[in-house]
2 protein chains.
Amino acid sequence: MDATNSLEVIDALAEAESVDRLHTICAGVCQEHGFERFIYGARIPTSFVKPYFIFISGYPREWREHYTANNYMVIDPTVQYCAQNITPMAWDDDMLTGGRAEIRRFMSEARDFGINSGVSFPIHTSQGDFAMLSFASGKTGPQSRTCIQRVLPLGQLFTAYLHEAVRRVFDADVVALSKVDLTQREKECLLWATEGKTAWETSQILSIAERTVTFHLQNVQGKLGVNNRQQAVARAVSLGIIEPQFNQ
Amino acid sequence: MDATNSLEVIDALAEAESVDRLHTICAGVCQEHGFERFIYGARIPTSFVKPYFIFISGYPREWREHYTANNYMVIDPTVQYCAQNITPMAWDDDMLTGGRAEIRRFMSEARDFGINSGVSFPIHTSQGDFAMLSFASGKTGPQSRTCIQRVLPLGQLFTAYLHEAVRRVFDADVVALSKVDLTQREKECLLWATEGKTAWETSQILSIAERTVTFHLQNVQGKLGVNNRQQAVARAVSLGIIEPQFNQ
DNA sequence: GAACGTACTGTCAGATATTACAGGTACAGC
DNA sequence: GCTGTACCTGTAATATCTGACAGTACGTTC
């Protein structure tokens, strides 16, 4: 990994064809910017109750296992922040003071694995993916803040390209679920369904029979593999199949 | 505007309290990186059929008016790309060759207003917002490519902070719609509704009466101001009120 | 103590969705 | 000419949702 120029790492991501390769590239960027650890995680909304997770971990194995076993994702303040925001979050051991007890305990345990400070970059996609990349180090105080500030501009860009690469590499896998293609009429009927229109109302809007609207929505349910209209609507919206219009 | 350091512009965005101020900051960054024009646009999904749009324009007024009058958003290749992707898009007059006729005409008309090349940064949020920032110039060839490459890292970060600032500045306005808060039970019932469960099925899962599930979902409909369950589901998902879980 | 929010439950009529059956036209590619 | 796809329509039984009626219980705030 020799990437003095920012764009070389970006190109490397664009060409990567395996998870191992992505891991190597991340490790390189991590090290070059003065961090010791990195971790990338993505949540793909195949289902709301049980989404699909992808991780590329440069964290200590023991910490990862402990983290998973305790379901720390629901506590981890960086995950909570990144799930809601689009700008990076810098964090350090100041978070040991203040905040809820479980968060203090979490941060304290991370510290035992040499993770004192870092920065996390969130990514959200129109397909409903949520991903984040964290760089971490054992540094504290001004020393850590300097590293964080330096990595900010590249980090945000890098995370976007990284997630794009992950989706490409995992193409054959679960990610393909969001590639259902609906016909024009199916999309139209679904769009009006998301607007709360009944089949009859939609039939008036599209000037077709109520039965035809039902027919199209049935086909949508089949294609999306769902049980009823509300689930079809939920999945279509979360997968970005139905987007807000650009008209007016 | 004196922002040799990247982070100064970021801080400036974080403190900005008016659209005019945001306009000034954008214009500064634009100029410093060798571009002549910029435009920021955001789509807030208040409704799927008629979402809310926000623009901060540093484009020629005549071009903007022409663009709006012809509803060019549905043609503009940068908008189409950014709506689907998370990485920046560089564009230049090469797009005059190839592609659909209406796109060639569009690019050709933009050229008449001194817009030959540029770069567009997309942003998607967990609340379903879609925003993009474009920097444009009259330059062509290698000269334009150099400017674009230089602005890439900061641009992605800047766009994220810009959109965050826009949401803050517009807080009192339409943006506040996504701040409906539902009770725990309401969220639970809604979550299972997005999974295609009927009221009876949800009642079995939560160990309550079917009638109670209906009751909660009715309250959700009231709070979200919608007519039926599928619209409630669509809005809750698109506003990020119901997110995929982190369990397991 | 009253007012309020949250959670919970019941009945019942009418509207809407789901699922089964059945059938049709138009167009593109082989 | 055959095959496949998109698009369209109808009837009918059953399941589910919607909306309006009417309540109880518990905890917090004023």
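Of the candidate nucleotides dT18(C), dT18(D), dA6(D), dA6(D) has the atom nearest to the side chain of Lys223(A). Distances were taken from every side-chain heavy atom of Gln230(A) (C-beta onward) to each of dA7(C), dC17(D), dT9(D); the shortest belongs to dC17(D).
Rounded to an integer number of Å, the gap from Leu182(A) CG to dA6(D) P is 10 Å. Across the protein-nucleic acid pair, Asn219(B) atom CG and dT6(C) atom C1' stand 9 Å apart, rounded to whole Å. One interatomic measurement links the two molecules: CG of Leu217(B) to P of dT16(D), which rounds to 15 Å at whole-angstrom precision. Glu210(A) has its CD atom 15 Å from the P atom of dA12(D), to the nearest Å. Note: CD (Gln231(A)) to C1' (dC17(D)) measures 17 Å, nearest angstrom. The distance between atom CD1 of Ile208(A) and atom P of dC7(D), rounded to the nearest whole Å, is 10 Å.
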- Message: How would you summarise protein contacts on nucleotides 19-30 of chain D per nucleotide, using B for base, S for sugar-phosphate only and - for none, with heavy-atom distances below 4.0 Å?
- Response: BBB---------
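Cation-pi contact between Arg64(B) and Phe55(B): present, with separation from the ring centre below 6.0 Å and deviation from the ring axis of at most 45°.
Listed by residue number, the members of residues 184-206 of chain A with any heavy atom below 4.0 angstrom from DNA chain D are Gln184(A), Arg185(A).
Phosphate contact (OP1/OP2 of dC8(D), side-chain N/O of His216(A), threshold under 4.0 Å): present. Residue Thr183(A) places none of its side-chain N or O atoms closer than 4.0 Å to OP1 or OP2 of dT5(D). One finds no side-chain N or O of Thr212(A) lying less than 4.0 angstrom from the OP1 or OP2 phosphate oxygen of dC7(D).
Checked by atom type and distance alone, the side chain of His124(B) pairs as donor or acceptor with a backbone atom of Cys82(B) at under 3.5 Å. Judged by distance alone, the side chain of Ser126(B) and the main-chain N or O of Ala83(A) form a donor-acceptor pair under 3.5 Å. In this structure a side-chain-to-backbone donor-acceptor pair under 3.5 Å is missing from Gln84(B) to Tyr81(B).
At a threshold of 4.0 Å, the pair Arg167(A)-Asp129(A) counts as salt-bridged, since one of the basic side-chain nitrogens sits closer than that to a carboxylate oxygen. Salt bridge Arg21(B)/Glu17(B): absent, no basic N to carboxylate O contact under 4.0 Å.
Here the OG1 atom belonging to Thr125(A) is positioned 12.0 Å from the CD1 atom belonging to Ile123(B), to the nearest 0.5 angstrom.
Of all heavy-atom pairs between Ala90(B) and Ile148(B), the closest is CB-CG2, 3.9 Å.
Note: Tyr72(B) and Trp63(B) have tilted aromatic rings, judged against thresholds of 30 and 60 degrees for the angle between ring planes.
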